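Worksheet: the structure to be examined is printed underneath.
Values in this document were obtained by computation on a predicted structure and should not be read as measured data. What you see below is based on every heavy atom in this structure, not just the backbone, and it leaves out hydrogens, waters and symmetry mates.
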Number of protein chains: 2
Amino acid sequence: MTDLKNENAEEKILNAANEIFEKKGYDGAKMQEIADKAGINKALLHYYFRSKDKLFEMIFGLAFKKLAGELEFLFDTDIPVTEKVKIFIDKHTDFIGMNRHLPLFIINEVNRRPEIFVKLLAGIYEKDDHLNMLLKQIDEETKAGILKPFDPRQIFLNMIAMNIFPFAAKPLVKGILNMNEDEFKEFIKERKAIVTEIIINSIVVK
Amino acid sequence: MTDLKNENAEEKILNAANEIFEKKGYDGAKMQEIADKAGINKALLHYYFRSKDKLFEMIFGLAFKKLAGELEFLFDTDIPVTEKVKIFIDKHTDFIGMNRHLPLFIINEVNRRPEIFVKLLAGIYEKDDHLNMLLKQIDEETKAGILKPFDPRQIFLNMIAMNIFPFAAKPLVKGILNMNEDEFKEFIKERKAIVTEIIINSIVVK
DNA sequence: ATACGGTTTAACCAAACAGTTAAATCAAAA
DNA sequence: TTTTGATTTAACTGTTTGGTTAAACCGTAT
């Protein structure tokens, strides 16, 4: 049972469900286990969320927003692109480090049931103009001779791939590279600078 | 039912089980579905593989070897490191493209039950000398002024992260970047050159 | 005091699922 | 022709699981 802040039942359920769904996925998560972790009983669990599907849908939606929300600052400010990259990698790496299972959870569930993701896409494309602003900014900095021409989609993918992968595959990475927890932490700390340099190098004019 | 090559029952089972375990994971896979896809019945399935666990263990071991086997050529030849990188990215991207679910399957199951992976690690470290040869080669090329000093672990992770991620998260990527199947294929084709350039740039002296 | 909503208890149901069993079938080897 | 091993059929067991139900409990606001 996780009851840090004297939460009410609904919060306790959401926190427990979030943790278990993220770690075990829809199929691996059991309603009884969620109830146990929330410190309540199964009857009350179904009293608040009628079914596993309804509860899952809620958790998945929240998780998706949490992950997507980390991108927002890329659009809002008007600091230079290279600064954005530096700050993004720093913050995003910390965020993923504190939410190790989040990206894989989203990826897995979207792979297995793409429908659940279609609705959420609509929400994303409300921010179409924000995205266009970023693209315009990149275009301008390219014309100004600061950035070289590049495909923002590719660079974006590279950045999040390099950020997410070591955490998503943490036990595998630790095993194969033969690291203990401290060595892994050190390895991650070094990564920030390395990844930042790689991304910066692949977009700025030298 | 998948029966391309007039396989015997055991092969049919292994192929079906592989496909279903990779796509749905241990928890999502059902023995009945595996039997159906293999074109046999549940009784025979248990006749060949006594339990779901035994069958899974077999599939997981094979999958792990398949994935790890793709790395072997990095050690065996003595072509220059930069050449290895170019060839590896080319081949590895093709391989992952044809085995979209393989990496995520391994990562997920190792995350959820790290024990299953401990035994397999032993097999890897028989190849310790192969690995040391590669590290030695890198060291020599660095001293020869061809490569700059870098952490091979970091570069290796970057390489496979960038290779694997777009395929592992394919439906997510297609949705977010608003691509159809053809556009995705084109996007992947362009990636090879981009990723190769990035990795080469981050290891060679300019 | 009582009425009410949140919460517990405990038993229960129906479906899904892994795994078993016994008898029947069938093809090919002996 | 008989034997053997692979395969099917179909019923069955035991367990897990999602979900329900009804009665009781408990604190709090009226």
Side-chain angles (χ1 to χ4, degrees), chain A residues 1-63 105 108-109 112-113 115-116, chain B residues 1-63 105 108-109 112-113 115-116:
Chain A
M1 169 173 159
T2 340
D3 194 349
L4 300 169
K5 301 166 187 172
N6 219 31
E7 314 149 295
N8 59 31
E10 197 174 342
E11 280 169 348
K12 289 195 288 186
I13 292 173
L14 286 174
N15 286 335
N18 183 66
E19 193 172 328
I20 290 183
F21 274 131
E22 274 190 20
K23 258 193 235 166
K24 311 196 169 185
Y26 181 90
D27 293 317
K30 307 299 159 189
M31 292 299 267
Q32 185 61 60
E33 201 187 346
I34 292 174
D36 290 347
K37 171 148 280 177
I40 57 151
N41 51 10
K42 213 174 40 158
L44 194 62
L45 181 54
H46 279 92
Y47 175 80
Y48 275 94
F49 299 89
R50 261 178 303 189
S51 69
K52 189 182 182 182
D53 279 302
K54 291 246 191 298
L55 178 55
F56 175 81
E57 207 175 330
M58 172 106 315
I59 295 298
F60 182 84
L62 291 173
F105 170 60
N108 280 329
E109 301 301 335
R112 275 162 210 177
R113 308 212 305 281
E115 329 82 72
I116 63 173
Chain B
M1 170 173 162
T2 338
D3 193 350
L4 299 169
K5 300 165 187 171
N6 220 26
E7 315 148 298
N8 59 30
E10 197 174 341
E11 280 169 349
K12 288 195 287 184
I13 292 173
L14 285 175
N15 286 336
N18 183 66
E19 192 171 330
I20 290 182
F21 274 130
E22 275 191 19
K23 258 193 237 169
K24 311 197 168 184
Y26 181 89
D27 293 316
K30 308 297 161 189
M31 293 298 268
Q32 185 61 61
E33 200 187 346
I34 292 174
D36 290 346
K37 171 148 282 177
I40 56 151
N41 50 11
K42 214 174 38 156
L44 193 63
L45 181 55
H46 280 92
Y47 176 80
Y48 275 94
F49 299 88
R50 258 176 306 189
S51 68
K52 188 182 181 181
D53 279 301
K54 291 244 191 300
L55 178 55
F56 176 80
E57 208 174 330
M58 173 106 315
I59 294 298
F60 183 83
L62 292 173
F105 169 61
N108 280 329
E109 300 302 335
R112 275 161 211 176
R113 309 212 306 280
E115 330 82 70
I116 64 174

**Prompt:** Taking C-beta and beyond as the side chain, do A:Phe60 and A:Arg113 meet within less than 4.5 Å on heavy atoms?
**Reply:** no
**Message:** When you measure from the side chain of A:Glu10 to the backbone of A:Tyr48, do you find a donor-acceptor pair of N or O atoms at a distance under 3.5 Å?
**Reply:** no
**Request:** Identify the 5'-most and 3'-most nucleotides of DNA chain C with at least one atom closer than 4.0 Å to a non-hydrogen atom of chain B.
**Result:** C:dC17 to C:dT21
**Asked** How many Å lie between OH on B:Tyr47 and C1' on D:dT7, as a whole number?
**Response** 9 Å
**Request:** Check the distance between D:dT17's P and A:Lys52's NZ and give it to me in whole angstrom.
**Result:** 9 Å
**Item:** Whole-Å distance separating the CG atom of A:Leu44 from the C1' atom of D:dT20
**Value:** 14 Å
**Interatomic distance, A:Asp27 atom CG to A:Glu109 atom CD [nearest 0.5 angstrom]** = 7.0 Å
**Message:** Please determine whether the number of non-hydrogen atoms from other residues, nucleotides or ligands lying under 6.0 Å from atom NZ of B:Lys52 exceeds 12.
**Reply:** yes
**Message:** In whole Å, I'd like the distance from the NZ atom of A:Lys24 to the C1' atom of D:dT17.
**Reply:** 14 Å
**Item:** B:Gln32 side chain reached by B:Asp36 side chain, heavy atoms, under 4.5 Å
**Value:** yes
**Asked** Pick the nucleotide of DNA chain D nearest each of B:Ala9 and A:Asp27; which residue has the one closer to the 5' end?
**Response** B:Ala9
**Asked** For the pair made of CD in B:Glu11 and P in D:dT7, what is the distance, rounded to whole Å?
**Response** 12 Å
**Prompt:** Quick one: does B:Tyr26's side chain get under 4.5 Å of B:Asn108's, heavy atoms only?
**Reply:** no
**Message:** What contact category does A:Tyr48 fall into here, base, sugar-phosphate, or nothing, at under 4.0 angstrom with non-hydrogen atoms?
**Reply:** sugar-phosphate
**Message:** How many whole angstroms separate atom NZ of B:Lys12 from atom P of D:dT8?
**Reply:** 7 Å
**Polar pair under 3.5 Å, donor/acceptor by atom type, side chain A:Lys42, base D:dG19** = yes
**Item:** Atom-to-atom span, NE2 of A:His46 to P of D:dT20 - whole angstrom
**Value:** 6 Å
**Message:** Taking any heavy-atom pair under 4.0 Å as a contact, classify B:Ala29: base, sugar-phosphate, or nothing.
**Reply:** sugar-phosphate
**Request:** Measure from the side-chain heavy atoms of A:Lys30 and tell me the nearest of D:dT21, D:dT17, D:dT7.
**Result:** D:dT17
**Geometric class of the A:Phe21/A:Phe105 ring pair [parallel <30°, tilted 30-60°, perpendicular >60°]** = parallel
**Request:** Using whole Å, report how far CZ of B:Phe49 lies from P of D:dA6.
**Result:** 13 Å
**Asked** Counting only non-hydrogen atoms, which of residues 54-62 of chain A are less than 4.0 Å from DNA chain C?
**Response** none
**Prompt:** Is B:Tyr47 close to B:Leu44 at the side-chain level, that is, under 4.5 Å between some pair of heavy atoms?
**Reply:** yes
**Asked** Under 4.5 Å between any side-chain heavy atoms of B:Lys30 and B:Lys24, yes or no?
**Response** no
